[in-house]
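All values below come from the heavy atoms of this structure, side chains included, with hydrogens, waters and symmetry mates left out. Small disclaimer: the values here were computed from a predicted structure and weren't measured.
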Amino acid sequence: MTLRLYDTATREVRDFVPLEEGKAGVYVCGLTVQSEPHVGHVRSAVNFDVLRRWLAHQGYAVTFIRNVTDIDDKILTKSEEQGRPWFNLAYDMHRELDKALASINVLPPTYEPGATGHVPEMVELITTLIGRGHAYPAEDGSGDVYFDVRSWPAYGELTNQGVDDMAPAEDADPRGKRDPRDFALWKGWKKESEPETAAWPSPWGPGRPGWHIECSAMAGKYLGKAFDIHGGGVDLRFPHHENEQAQSRAAGYPFASYWMHNAWITTAGEKMSKSLGNSLLIPEVLKRVRGIELRFYIVAAHYRSHVEFSFEALDEAAAGFRRIENFLDRAAAIGIGRDEVPTTPSRVGGPADVPLPDAFVAAMDDDLGTPAAVAVVYDTVREGNKLLAGGPTAELTTAVRQVFGMLEVLGLDPTDPAWPDAGGGADIRLTDAVDVLVQGLLEERAEARAAKDWARADRIRDQIKAAGIEVEDTPSGPVWTLGEK
RNA sequence: GGUGGGUUGGCCGAGAGGCGAGGCAACGGACUGCAAAUCCGUGUACACGGGUUCAAAUCCCGUACCCACCUCCA
């Protein structure tokens with residue numbers, strides 16, 4: 001069984017064949033750190049996090065690079081509006097992004113390069129392009145450098161477009177361009193309107209990088225001239241990825257073997273950036289559901305499917321995920337918990353200690369079929385729930401191990417300490433304290449029940465419930481859990 | 001205008017020629033003092049119109065509606 005991935009460039013599902021056996025190099029376009037991350041931003045990160053975990057689980061040594069764009073027009077515009085330096089805005093938003101990603105258990109990449117730290121690499125690449133006749137400094141003295149689209153016959157190959165069908169670029173004064181479709185590799189510093197801190201020295205005078213060049217330069221630096229997979233949101237297909245590929249290949253680099261693009265999360269039928277609304281920012285969403293539930297909501301849909309976001313659907317997903325957690329909790333209550341189920345030491349994938357169900361593996365190998373994979377998790381949970389009635393058995397242990405193994409691949413293991421709300425030492429002490437108090441009440445209730453004094457038994461249960469704690473009677477005795485938030 | 005994608009049951013969301021993915025909700029049953037949880041069961045869903053085929057949600061043709069990208073949006 002081999003991994004198959006949908007390649008945007010060829011518009012078909014293809015076998016994944018790495019350039020180097022046993023290794024996978026992945027580059028994902030991260031965010032432009034210009035505002036707080038919302039649900040849509042985070043989807044891309046989760047989707048590619050699942051890709052990474054699956055590759056690792058299948059035994060690949062994964063080098064995973066996800067960049068941040070920390071200088072661009074919007075950052076400059078917004079920072080000016082907010083009356084603070086652009087680098088402060090970018091840094092603040094970068095930290096917000098880190099926090100948001102941590103809250104949904106997205107692993108930190110192998111490395112996270114930023115554009116501003118890689119100007120020399122970009123200058124070098126631009127110089128190469130000029131030398132090869134694929135780029136030229138603007139003739140209007142603006143200090144801009146453009147990629148010469150007409151000089152690269154393959155231009156448009158990624159998105160299946162002809163140059164003549166495209167609308168001309170508007171991000172620079174067209175007077176300096178040979179063709180209106182040429183795009184900026186380097187942007188000359190505009191003294192009158194841009195801060196001095198937003199300019200770096202170059203052979204063409206002070207300026208800053210064009211958008212696309214950073215990814216070409218950084219992918220080349222950290223993954224090599226050829227690498228396996230390049231990912232990002234669908235909107236980046238054109239122009240960003242088309243331009244990246246054109247630049248890199250025109251410079252003589254083979255670049256990415258596979259292109260993967262995640263679809264949108266929309267609200268009211270439109271992309272989130274259009275519908276705005278603070279309620280979709282990650283901290284707001286996390287007031288309603290836990291991070292793990294938000295992640296489950298994202299993972300339960302295929303990465304190439306549009307998802308129409310709604311809080312109702314989010315609540316449903318959260319309810320569905322608790323069913324999985326309930327199974328794990330009940331198994332733990334009879335002695336089959338996470339500690340008894342050793343899997344990989346790093347929790348970053350790698351082969352599990354128990355073979356995952358064939359159907360799960362097949363689903364994941366089929367272009368990361370997470371919806372089908374989640375269905376297998378539910379099937380296993382249902383079987384496990386049946387087994388649970390028989391007490392601790394080898395079959396039950398296997399089911400628990402498989403569920404943990406599958407959840408880990410999806411980044412959804414509730415016992416993973418990476419979850420910020422998984423509880424540190426203080427939480428555990430608090431839980432122990434509450435346990436003592438609740439156990440006392442449960443003993444009283446047990447006495448009442450033994451005496452068939454149902455009124456008193458229910459009164460005690462209601463009293464506990466008033467504190468936000470649910471009591472369930474199980475074959476092995478009453479179990480208390482914190483109620484839903 | 002060019003390019004890419006979508007329309008599935010009360011809801012969410014898979015699938016891509018034949019056997020009803022899965023979840024949420026609902027209803028019935030089992031279990032329970034009652035609940036809860038769990039298990040079992042219950043649905044003639046594939047935008048519309050044609051066609052191909054023994055067989056179409058799935059392939060072909062056409063129509064409608066929706067969305068995205070076309071130079072700094074995940």
Side-chain angles (χ1 to χ4, degrees), chain A residues 8 11 28-32 34 37-48 69 71-75 149 156 159-162 164-172 180-184 187 209-212 214 231-240 242-243 261-266 269-274 296-297 300-302 304-308 310 312-321 323-324 326-327 329-330 359 363 366 369-379 381-382 384-386 388-389 449 452-454 457-458 461 470-475 478-479 481:
Chain A
T8 312
R11 289 172 291 284
V28 176
C29 287
L31 283 182
T32 298
Q34 45 137 345
H38 60 230
V39 177
H41 293 132
V42 133
R43 178 187 194 184
S44 180
V46 168
N47 287 156
F48 288 104
T69 298
I71 181 71
D72 88 321
D73 289 356
K74 281 190 180 164
I75 292 174
V149 165
T159 49
N160 198 28
Q161 300 184 87
D164 295 312
D165 295 326
M166 298 174 193
E170 291 165 356
D171 67 328
R181 272 140 297 231
D182 290 352
F183 57 90
K187 296 185 157 191
W211 178 31
H212 321 296
E214 63 175 272
V234 269
D235 59 317
L236 298 178
R237 262 164 48 246
F238 192 90
H240 186 52
E242 185 73 67
N243 290 354
H261 295 275
N262 64 277
W264 297 105
I265 293 186
T266 58
E270 289 187 317
K271 56 194 293 192
M272 281 194 177
S273 50
K274 282 186 183 170
F296 178 74
Y297 174 67
H302 188 84
R304 285 196 286 125
S305 295
H306 293 231
V307 169
E308 170 69 14
S310 76
E312 293 69 28
L314 185 62
D315 289 343
E316 265 188 21
F321 187 70
R323 183 174 143 78
I324 298 170
N326 281 346
F327 166 64
D329 286 346
R330 296 201 300 146
D366 183 13
T370 54
V374 167
V376 178
V377 173
Y378 277 110
D379 289 342
V381 166
R382 193 182 315 107
N385 275 325
K386 276 189 245 181
L388 217 35
R449 293 181 75 206
K452 297 204 190 303
D453 184 352
W454 309 125
D458 289 347
R461 187 168 64 194
E470 301 284 346
V471 172
E472 291 172 27
D473 294 319
T474 73
V479 170
T481 50

So which heavy atom on A:Arg330 is nearest to which on A:Asn385, and how close?
NH2-OD1, 2.6 Å
Would one find a side-chain N or O of A:Arg323 under 4.0 angstrom from OP1 or OP2 of B:rC39?
yes
Taking A:Tyr378 for its side chain and A:Gly320 for its backbone only, find out whether a donor-acceptor pair lies under 3.5 Å.
yes
Quickly work out the A:Ile265 CD1 to B:rA68 C1' distance and round it to whole Å.
15 Å
Exercise: do A:Thr159 and A:Gln161 side chains pair donor with acceptor under 3.5 Å:
yes
Taking the minimum atom-to-atom distance to the side chain of A:Arg461, which one of B:rA14, B:rC34, B:rA74 wins?
B:rC34
A:Lys386 has an atom NZ; how far is it from atom P of B:rU38, in whole Å?
14 Å
Give one of base, sugar-phosphate or nothing for A:Phe238, where a contact means two heavy atoms less than 4.0 Å apart.
base
At 4.0 Å (heavy atoms only), tell me whether A:Gly232 reaches a base, stays on the sugar-phosphate, or touches nothing.
sugar-phosphate
What distance, rounded to whole Å, do you find between the two P atoms, one in B:rC59 and one in B:rG18?
11 Å
Picking from B:rA21, B:rU38, B:rC73, the nucleotide nearest the side-chain atoms of A:Arg330 would be B:rU38
G-U wobble or Watson-Crick pairing nucleotide for B:rG4 (cut-off 3.5 Å, both distances)
B:rC67
Let's test this: given Watson-Crick or G-U wobble pairing with both distances under 3.5 Å, identify the partner of B:rC27.
B:rG41
Base, sugar-phosphate or nothing for A:Leu388? Non-hydrogen atoms, less than 4.0 Å.
nothing
Classify the nucleic acid contact of A:Val307 as base, sugar-phosphate or nothing, counting any heavy atom under 4.0 Å across all strands shown.
sugar-phosphate
P spacing across the pair B:rU53 / B:rA68, given as an integer number of angstrom
40 Å
Please report the distance separating the C1' of B:rA45 from the corresponding atom of B:rU58, rounded so that it comes out in whole Å.
14 Å
Indicate, with a heavy-atom threshold strictly under 4.0 Å, whether A:Asn47 touches base, sugar-phosphate, or nothing.
nothing
Ranking B:rG33, B:rA74, B:rG4 by distance to the side chain of A:Asn160, first place goes to B:rG4
Using Watson-Crick geometry (N1-N3 plus N6-O4 or O6-N4) or G-U wobble (N1-O2, O6-N3), each under 3.5 Å, B:rG18 is paired with B:rC54
Spacing of the P atoms in B:rU44 and B:rG51 (rounded, Å):
27 Å
Name the residue closer to the 5' end of RNA chain B, choosing between A:Gly162 and A:Asp235 according to the nucleotide with the nearest heavy atom.
A:Gly162
State which of B:rC34, B:rG5, B:rA74 makes the closest approach to the side chain of A:His306.
B:rG5
Distance-only donor-acceptor test, A:Asp458 side-chain atoms vs B:rG33 base atoms, 3.5 Å
yes
For atom CZ of A:Arg304 and atom C1' of B:rC67, their distance in whole Å:
17 Å
Categorize A:Glu308 for me: base, sugar-phosphate, or nothing, with a 4.0 angstrom heavy-atom threshold over every strand shown.
sugar-phosphate
Of the nucleotides B:rG4, B:rU71, B:rA14, which has the atom closest to the A:Ala301 side chain?
B:rA14
For atom P, what is the distance between B:rC39 and B:rG23, given to the nearest Å?
9 Å
Identify which nucleotide among B:rC24, B:rU71, B:rA74 has an atom closest to any side-chain atom of A:Ala319, counting heavy atoms from C-beta outward.
B:rC24
For nucleotides B:rG50 and B:rA36, find the distance between their P atoms and express it as a whole number of Å.
49 Å
Integer angstrom distance from the C1' of B:rG22 to that of B:rG62:
35 Å
Remember a base hit wins even if backbone is also touched, and classify A:Arg382 as base, sugar-phosphate or nothing at under 4.0 Å, heavy atoms.
sugar-phosphate
Value in whole Å for how far the C1' atom of B:rG23 lies from CG of A:Asn385
14 Å
Under 4.0 Å, heavy atoms only, any strand: does A:Arg43 hit a base, just the sugar-phosphate, or nothing?
nothing
Nearest-nucleotide pick for A:Gln161, side chain only, options being B:rA21, B:rU71, B:rU3
B:rU3
Taking for A:Gly210 and for A:Arg11 the nucleotide of RNA chain B with the nearest heavy atom, the one nearer the 5' end belongs to A:Arg11
For the residue pair A:Thr69 and A:Glu214, what are the closest heavy atoms and their distance?
OG1-OE1, 3.1 Å
Hey, does A:Arg449 reach any base, or is it just sugar-phosphate, or nothing, if we go heavy atoms under 4.0 Å?
base
Rounded to whole angstrom units, what separation is found between the CG atom of A:Asp379 and the P atom of B:rC39?
11 Å
So what does A:Thr8 hit on the nucleic acid, given a heavy-atom distance under 4.0 Å: a base, only sugar-phosphate, or nothing?
nothing
Rounding to a whole Å, what distance do you find between A:Trp264:CH2 and B:rG5:P?
16 Å
Nucleotide forming a Watson-Crick or wobble pair with B:rG62, both distances under 3.5 Å
B:rC48
With P as the reference atom in both, quote the distance from B:rA37 to B:rC24 in angstrom, rounded to an integer.
10 Å
Indicate the atoms forming the closest heavy-atom contact of A:Asp473 with A:Pro478, along with that distance.
OD1-CB, 3.7 Å
Determine whether a donor-acceptor pair (N or O, by modelled atom type, separation under 3.5 Å) exists between the side chain of A:Glu242 and the backbone of A:Gly156.
yes
Side-chain contact test, heavy atoms from C-beta onward, threshold under 4.5 Å: evaluate it for A:Val374 versus A:Phe296 and give yes or no.
yes
Minimum-distance nucleotide (side-chain atoms of A:His38 versus B:rU71, B:rA74, B:rG33):
B:rA74
Taking the side chain as every heavy atom from C-beta outward, state whether A:Asp72 and A:Trp211 have any pair of such atoms under 4.5 Å apart.
no
Between atom NE2 in A:His41 and atom C1' in B:rA74, what is the gap in whole Å?
6 Å
Remember a base hit wins even if backbone is also touched, and classify A:His240 as base, sugar-phosphate or nothing at under 4.0 Å, heavy atoms.
nothing
Which of parallel (below 30°), tilted (30 to 60°) and perpendicular (above 60°) describes A:His240 and A:His212?
tilted
Ring of A:Trp454 versus six-membered ring of B:rG33: centres under 5.5 Å and planes under 30°?
yes
Does A:Thr159 place a side-chain N or O at less than 4.0 Å from the phosphate oxygens OP1/OP2 of B:rC69?
no
N/O donor-acceptor pair, side chain A:Asp473 with base B:rC34, under 3.5 angstrom
yes
Tell me the interatomic distance from A:Arg181, atom CZ, to B:rG2, atom P, rounded to whole angstroms.
16 Å
